[in-house]
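Notes to accompany the following structure.
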Amino acid sequence: MSRTFDFFTNIGDFKDVVSGVESTTYLSEMQGSYERAKQNIVSTIGQTLWDALKAQFASENADEKKDKAVEYLQGAIGNRTYYHHLIFKVVGKKKEEVSFYKYEIQLMQENYLDAYWTYMDQLLTLFSSDAQTFSGWTETKMYKTLNELLIKTADDFSEYCGLDGSAYFFNRTIHLQLEVSDTDLASRQITAETYANKPKLERNIKRAIAYRTVARAIFQFDYPDLPRSLRNDIYNEWSKTKGKQETHVKEAISELFHRQADDYWRLIDQELNQPVDEEGDSIDIEIPGDDINDIDNSHFLMT
């Protein structure tokens with residue numbers, strides 16, 4: 001079976017969007033890393049859009065928006081590929097008696113992940129801005145599920161849980177947010193009528209959903225698919241504990257978000273069960289003080 005390295009005709013194309021690639025690097029030696037990157041991106045944008053942009057890359061007909069999307073996709077898959085391939089480069093350098101400090105490898109990995117996230121955010125934002133041009137986007141399961149969610153945009157999601165407004169992370173967590181709505185909301189029989197004309201209650205419901213969703217994402221997602229703030233938390237805590245596995249550290253940080261979500265759900269439950277005044281309004285209840293970003297909490301979230 002012949003393998004392809006879509007969106008790149010040669011190593012020169014690859015080096016145009018990925019910094020620090022050595023001149024001795026060949027596309028063929030990165031095939032395995034490319035396949036991992038491709039699988040991740042296709043699972044996000046869907047096979048239909050991948051094929052459409054692949055056709056545009058091979059086409060001689062210019063299309064401003066599609067060409068821009070190809071550019072973003074090249075940057076995304078190129079940097080994600082080299083992130084996976086970097087460890088093989090480091091091992092190869094040892095044979096040449098060239099060594100790296102651990103923090104240097106970590107810094108290089110983070111640079112490639114940051115570039116990947118930037119390109120993916122730009123790509124998904126472009127898709128959402130023109131559903132007619134990128135019709136395949138509206139056919140993805142992620143997009144169809146979006147209308148069922150209480151929190152519908154990346155910026156809104158960021159507002160309720162304090163993370164950056166990444167379109168990529170938001171779209172990756174759509175199915176998790178739906179799970180939370182189908183469990184935590186459904187078990188309380190909360191509907192739009194429940195919080196109609198009750199903005200504080202609505203905000204707290206959305207906060208609870210956002211924190212629970214992030215808690216699940218930390219536990220389920222691979223390290224590269226978490227925002228930089230969460231990756232920093234995991235790496236810093238792992239560096240301090242030394243003996244613990246990364247999985248244990250992820251579980252601990254995930255639990256912090258679960259506890260914050262629990263605080264909001266307790267607040268919501270109290271308000272839903274409180275007697276109302278003559279005008280039908282519930283008595284105000286203070287927002288929980290156990291904030292994840294509290295100065296006394298050693299697990300800071302860098303946003």
Side-chain angles (χ1 to χ4, degrees), residues 1-60 66-124 166 168-169 172 221-228 231-232 234-235 238-239 245-247:
M1 181 180 65
S2 61
R3 296 190 178 275
T4 60
F5 215 99
D6 299 332
F7 299 100
F8 301 100
T9 55
N10 52 53
I11 191 63
D13 286 351
F14 192 86
K15 291 170 68 176
D16 284 344
V17 294
V18 183
S19 61
V21 180
E22 296 183 343
S23 58
T24 55
T25 302
Y26 295 94
L27 290 179
S28 57
E29 70 183 78
M30 296 186 290
Q31 189 69 53
S33 297
Y34 166 82
E35 295 295 342
R36 292 180 65 185
K38 176 182 176 180
Q39 182 182 40
N40 179 274
I41 294 176
V42 170
S43 71
T44 301
I45 71 173
Q47 190 66 50
T48 300
L49 263 179
W50 174 276
D51 292 341
L53 295 182
K54 180 180 174 181
Q56 181 62 29
F57 174 72
S59 173
E60 295 181 358
K66 289 183 178 179
D67 288 339
K68 180 59 69 174
V70 168
E71 178 185 322
Y72 292 153
L73 184 52
Q74 282 180 310
I77 196 168
N79 281 278
R80 182 70 182 252
T81 295
Y82 211 68
Y83 163 80
H84 292 304
H85 181 69
L86 186 61
I87 187 63
F88 301 107
K89 277 293 183 183
V90 170
V91 172
K93 285 296 182 181
K94 287 186 177 181
K95 298 179 181 179
E96 302 174 14
E97 298 185 352
V98 177
S99 59
F100 296 91
Y101 289 107
K102 184 178 180 179
Y103 79 88
E104 291 178 314
I105 299 173
Q106 168 73 9
L107 182 59
M108 287 187 286
Q109 289 176 320
E110 288 301 316
N111 284 336
Y112 291 120
L113 282 182
D114 283 347
Y116 166 74
W117 274 73
T118 298
Y119 280 117
M120 284 300 292
D121 279 341
Q122 291 173 319
L123 181 64
L124 295 182
S166 168
Y168 173 57
F169 183 68
R172 291 284 290 174
F221 286 6
D222 291 334
Y223 179 82
D225 294 315
L226 295 172
R228 181 166 188 165
R231 298 199 308 267
N232 284 345
I234 292 169
Y235 180 77
W238 178 78
S239 298
Q245 295 182 357
E246 179 186 294
T247 302

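Positions are given from 1, in the same order as the sequence printed here. Values in this document were obtained by computation on a predicted structure and should not be read as measured data. Side chains included, hydrogens not; waters and symmetry mates left out as well; all remaining heavy atoms used.
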Ignoring hydrogens and geometry, is there a side-chain-to-backbone donor-acceptor pair from [X] to [Y] under 3.5 Å?
X: Y112; Y: S19; value: yes
X: W50; Y: S43; value: no
X: N10; Y: D13; value: yes

Any residue meeting ring-ring contact (aromatic ring centres under 6.0 Å, His included) with [X], in chain and number order, not counting sequence neighbours:
X: F221; answer: none
X: F169; answer: none
X: Y83; answer: none

Can you check whether [X] reaches [Y] side chain to side chain, under 4.5 Å on heavy atoms?
X: Q74; Y: V70; result: yes
X: E29; Y: T24; result: no
X: I45; Y: L124; result: yes
X: F14; Y: T25; result: no

Least distance between heavy atoms, [X] atom then [Y] atom:
X: I41; Y: L73; value: CG2-CD1, 3.7 Å
X: R80; Y: A37; value: CG-CB, 3.5 Å
X: N40; Y: Y168; value: OD1-OH, 3.0 Å
X: A76; Y: Y119; value: N-CB, 3.5 Å

Working note: D222 + R172, criterion salt bridge (Lys or Arg N to Asp or Glu O under 4.0 Å); need CA distance, chi angles, decisive distance, verdict.
CA-CA 12 Å; D222 291 334; R172 291 284 290 174; over 6 Å; no
Gap separating the [atom1] atom of [X] from the [atom2] atom of [Y], nearest 0.5 angstrom:
X: D225; Y: W117; atom1: CG; atom2: CH2; value: 6.5 Å
X: Y34; Y: F7; atom1: OH; atom2: CZ; value: 6.5 Å
X: D16; Y: E71; atom1: CG; atom2: CD; value: 10.5 Å
X: E110; Y: R228; atom1: CD; atom2: CZ; value: 5.5 Å
X: H85; Y: T81; atom1: NE2; atom2: OG1; value: 10.0 Å
X: Y72; Y: L53; atom1: OH; atom2: CG; value: 12.5 Å

Verify whether one side chain among E35 and Q31 offers a donor that lies under 3.5 Å from an acceptor in the other.
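Their side chains do contain a donor-acceptor pair, which is all the 3.5 Å distance test asks for.
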